[in-house]
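A short write-up of the structure that comes next.
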Amino acid sequence: MNPVPPGRRGRLPLSLRRRPVPWERQRPTWRDARPGVIAGALKRARARPSGNWYVVGASGGLRGDRPLAGTVAGREVVVWRGPDGRPVGGPGACPHLGAPLRDSPVRCGTLRCHWHGLALDGSPHAGWAPLPVHDDGLLLWVRLDEVGGEAPSDAPVVVRRPERARALTAVYTGTGVCEAEDVVANRLDPWHGAWLHPYSFVDLAVAGSPDGSGNGTEDAFTVDVSFKVAGRLVVPVRAVFTAPEPRTVVMRITEGEGTGSVVETHATPLGPDQRGRPRTAVTEAVVATSDRPGFAVVRRAAPLLRPLVRAASGRLWRDDLAYAERRWQLRSAGRLPG
């Protein structure tokens, strides 16, 4: 791939597909998408340390008067901003009689149980013990050592991102009936992109991938792909997929429009549903940037654009969660090919 140098690009970040190929006539990728390559990359990702950190939501979802609540591997957790404005968190059940703290209000940095008024400011109290919380500026993480079972770390593995002041950010969250590894396996299969998502991706070619031997320590899938805009108008880029920790896959644009932009996919186990099936939350963080002067206008329009970005992520994840759920169904029945 030879992207046009920034100084010689056109006024618009678009290209025209000269010879578009219909969906059914594009080159099949099933021979390239070897199960052993995907399984090997997944195995190595799962072996990387996480420090027992789990994404629980977007930083922007943390309101001043209510906690952010969720479950991680069946454990209820709540996060809120303490008296000094920093995020604090801990178990989501009141230590008195088990009231759901997700329904309790926050007043002046103190979470006050709505059943009997027990006040929590983020420090140990009445049998309630806080959990480590990390706000990376875009996502909120909580550390659960009893769940992760690894050596704990002071902070989660957070990848390098474009400077937020110069980027458009958006966070999407969805839930699927599968395990975290099924979500990660989906992201470590870049070959499905133009087949499963023809409304978004065309002309996809995987330019580099692990050899499948399982001996390597570094995994990177390099993909040349065009994002569809309308009709034959596309935005061609080169992107690299990596898995820096067991439950995260990062796509970084390395060439073409938006170089430096990242899309992070984080998988958080929630716990079983009423039928005993595993549930996993997908949190996708988009951090888009551009060196074009006009991108400043895009940033100013961020409040209007974020819902559109989240909607685009949601459309993709309807398909990708179906992929992950199908993989779990086959795997749990011992029928997963490869």
Distance check, rounded to the nearest 0.5 Å: [X] atom [atom1] versus [Y] atom [atom2]?
X	Y	atom1	atom2	result
Arg143	Ser50	CZ	OG	10.5 Å
Arg19	Arg232	CZ	CZ	10.0 Å
Leu321	Asn186	CG	CG	8.0 Å
Leu305	Arg299	CG	CZ	12.0 Å
Asp224	Asp203	CG	CG	10.5 Å
Cys178	Arg326	SG	CZ	14.0 Å

Should [X] and [Y] be counted in the same cluster of Ile, Leu, Val, Met, Phe, Trp and Tyr side chains packed under 4.5 Å apart?
X	Y	answer
Val223	Ile38	yes
Leu316	Val309	yes
Val286	Tyr172	no
Phe227	Leu196	no
Leu308	Val263	yes

Asp65 atom CG: more than 12 heavy-atom contacts under 6.0 Å: yes
Using 4.0 Å as the upper bound for N to carboxylate O, is an ion pair formed by [Y] and [X]?
X	Y	answer
Arg81	Asp135	yes
Asp273	Arg275	no
Asp189	Arg327	no

Take Val157 and Thr248 through the side-chain contact (heavy atoms from CB on, under 4.5 Å) test and state the conclusion after the steps. CA-CA 9 Å; Val157 178; Thr248 299; over 6 Å; no
Using every non-hydrogen atom in the two residues, find where [X] and [Y] come nearest and quote the distance to one decimal.
X	Y	result
Arg48	Ala243	NH1-O, 2.7 Å
Asp32	Pro28	OD2-O, 4.5 Å
Val106	Pro67	CG2-N, 4.0 Å
Ser59	Gly137	OG-C, 3.7 Å
Asp182	Ala324	CB-O, 3.5 Å
Arg34	Pro210	NH2-O, 4.4 Å

Report yes or no: does [X] contribute a side-chain atom to a donor-acceptor pair with the main-chain N or O of [Y] at less than 3.5 Å?
X	Y	answer
Arg252	Arg160	yes
Ser104	His114	yes
Arg238	Gly256	no
Thr71	Leu270	yes
Thr265	Glu284	no
Trp80	Leu62	no
Asn52	Glu150	yes

Axial cation check for Tyr54 ring with Arg247, 6.0 Å and 45° limits: yes
Option from Arg187, Arg46, Arg44 for which salt bridge (Lys or Arg N to Asp or Glu O under 4.0 Å) with Asp219 holds: Arg44
Considering residues at least two apart in sequence or located in another chain, which fulfil the ring-ring contact (aromatic ring centres under 6.0 Å, His included) criterion with Tyr323? His192
Side-chain heavy-atom pair [X], [Y] within 4.5 angstrom cut-off:
X	Y	result
Val202	Pro20	no
Val184	Pro246	no
Pro278	Trp328	yes

Verify the distance criterion only: is there a donor paired with an acceptor across the side chains of Ser226 and Arg17 at less than 3.5 Å? no
Any side-chain donor near an acceptor of the partner, Glu179 and Thr280, under 3.5 Å: no
Go through the steps for Val56 and Thr268 under the test side-chain contact (heavy atoms from CB on, under 4.5 Å), then give the verdict. CA-CA 7 Å; Val56 293; Thr268 301; 5.5 Å; no
Contacts table for residues 119-134: side-chain donor-acceptor under 3.5 angstrom, sequence neighbours left out:
{"residue": "Asp121", "atom": "OD1", "partner": "Ser123", "partner atom": "N", "Å": "3.0"}
{"residue": "Asp121", "atom": "OD1", "partner": "Ser123", "partner atom": "OG", "Å": "2.5"}
{"residue": "Trp128", "atom": "NE1", "partner": "Pro91", "partner atom": "O", "Å": "3.0"}

Determine, using ring centers only, whether Trp191 and Trp30 are less than 6.0 Å apart. no
Apply side-chain contact (heavy atoms from CB on, under 4.5 Å) to the pair Leu139 and Glu264, showing each step before the final yes or no. CA-CA 10 Å; Leu139 300 174; Glu264 302 174 16; 3.9 Å; yes
Pair Trp141-His266, side-chain contact (heavy atoms from CB on, under 4.5 Å): steps then yes or no: CA-CA 11 Å; Trp141 305 67; His266 302 273; 3.7 Å; yes
